[in-house]
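This report refers to the structure that appears directly beneath it.
Whatever order the structure lists ligands and atoms in, that order sets their numbers, starting from 1. Quick caveat, the model's predicted, so the values are computed rather than measured. Hydrogens, waters and symmetry mates are skipped; everything else that's a heavy atom, side chains included, is used.
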Amino acid sequence: MGDTASSASASSTTGRSAAPEGFRVLPGRLDRAAQESLLEEVRAVVAEAPLFTPEMPRSGKPFSVRMTNCGPLGWVSDRGGYRYQATHPVKGTPWPAMPQSLLALWRGLAPEAPDPEACLVNLYAPGARLGLHQDRDEETFDAPVVSVSLGATGLFRIGGLARRDPTRSLRLASGDVVVLAGPARLAYHGIDRILPGTSTLLRDDGRINLTLRRVTPLPAP
Ligand code: MD6
Ligand code: FE
């Protein structure tokens with residue numbers, strides 16, 4: 001995935017021209033204190049809604065990333081496909097509430113958008129990765145997608161609107177925030193690997209990414 005061997009042009013893997021407009025990285029958007037308090041909130045979410053191992057649609061091949069969610073809706077994946085649902089796939093209980101700090105972050109970055117309904121929690125252990133994908137299981141693509149990274153640095157790859165478009169790589173460190181808005185809302189992206197020895201927040205090179213999404217359009221007034 002993310003093969004760039006054929007891109008001999010200016011838009012190479014390290015080029016600066018690949019990502020569509022509306023892709024923003026906000027380095028260090030959360031300071032250390034905010035990261036620590038968010039981590040405590042994530043621990044409370046995980047205590048109530050334990051991490052599960054998603055499976056690829058059809059094949060059932062397990063993801064290397066473990067996941068859980070908070071908010072009214074959560075993203076799940078199993079042999080039956082990708083979808084949003086209101087309950088934990090193993091426990092069957094509603095997802096925990098979305099922390100206020102995440103709502104505040106969203107409202108600051110996406111003031112035009114209705115509140116997010118889903119916060120996907122991704123936990124990476126060393127060796128885990130997330131293949132090149134689009135976030136496109138939502139019913140509306142009007143709102144941006146906002147993510148927050150905690151713990152070890154992840155090597156993030158961002159491309160264009162077609163899978164074969166050139167990509168570029170950048171590092172997402174603890175406290176960094178990514179926004180996919182406008183034309184970049186449906187850009188391909190993924191995590192190639194976790195960089196060892198880069199976490200002072202989570203032990204054992206752990207990395208957490210929280211992805212905030214609006215799933216449903218607002219009902220017509
Ligand atoms: C990750 N992030 O950073 C994976 N999606 O672990 C995502 O898949 C992502 O960071 C949409 C918007 C921002 C993201
Ligand atoms: Fe994504």
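- Taken together through direct or relayed side-chain contacts under 4.5 Å among Ile, Leu, Val, Met, Phe, Trp and Tyr, Tyr124 and Leu201 form parts of separate hydrophobic clusters.
- For atom 11 (C) of ligand 1, the nearest protein heavy atom (residue, atom name, distance) is Asp135 OD2, 3.1 Å.
- The Ser147 neighbourhood of ligand 1 comprises atoms 10 (O), 13 (C), 14 (C), with distances under 4.0 Å to a heavy atom of that residue.
- In summary, the atoms of ligand 1 found under 4.0 Å from a heavy atom of Arg207, numbered by their order in the structure, are 1 (C), 3 (O), 6 (O).
- Put simply, part of His133 is less than 4.0 Å from ligand 1, judged by heavy atoms.
- Annotation: side chain of Asp135 is in contact with side chain of Arg185 (closest heavy-atom distance under 4.5 Å).
- Distance alone, capped at 3.5 Å, is enough to place a donor-acceptor pair between the Glu117 side chain and the Thr216 backbone.
- Residue Leu180 approaches ligand 1 through these ligand atoms, each under 4.0 Å from one of its heavy atoms: 11 (C), 12 (C).
- Here the protein heavy atom with the shortest distance to atom 5 (N) of ligand 1 is His189 NE2, 2.8 Å.
- Listed by chain and number, the residues in a side-chain hydrogen bond (donor to acceptor under 3.5 Å, both in side chains) with Arg29 amount to none (sequence neighbours excluded).
- Atom numbering of ligand 1 starts at 1 in the shown order; those under 4.0 Å from a heavy atom of Ile191 are 1 (C), 3 (O), 4 (C), 6 (O).
- Under the 4.5 Å side-chain criterion, counting only non-hydrogen atoms from C-beta, Cys70 is in contact with Pro99.
- Ser199 and Asp205 share no side-chain donor-acceptor pair at under 3.5 Å.
- Ion pairing of Asp115 with Arg107 is present here, as a side-chain N (NZ or NE/NH1/NH2) and a carboxylate O approach within less than 4.0 Å.
- With 3.5 Å as the limit, one finds no donor-acceptor pair spanning the side chains of Arg207 and Thr198.
- Protein atoms that are N, O or S and lie under 2.8 Å from the Fe ion (ligand 2) are these: His133 NE2, Asp135 OD1, His189 NE2.
- Within ligand 1, the atoms closer than 4.0 Å to a non-hydrogen atom of Val145 are 11 (C), 12 (C), numbered from 1 in the order shown.
- Remark: the Arg171 side chain and the Thr153 side chain contain no N/O donor-acceptor pair separated by less than 3.5 Å.
- Below 4.0 Å from some heavy atom of Tyr124 lie the following atoms of ligand 1, by number and element: 1 (C), 4 (C), 6 (O).
- Residue-ligand proximity, Phe156 to ligand 1, at heavy-atom distances under 4.0 Å covers atoms 10 (O).
- In terms of protein heavy-atom proximity, atom 2 (N) of ligand 1 is closest to Asn209 OD1, 3.5 Å.
- A 4.5 Å side-chain heavy-atom check between Met98 and Leu212 finds at least one atom pair inside the cut-off.
- Leu102 and Leu51 end up in the same hydrophobic cluster when Ile, Leu, Val, Met, Phe, Trp and Tyr side chains are linked at under 4.5 Å.
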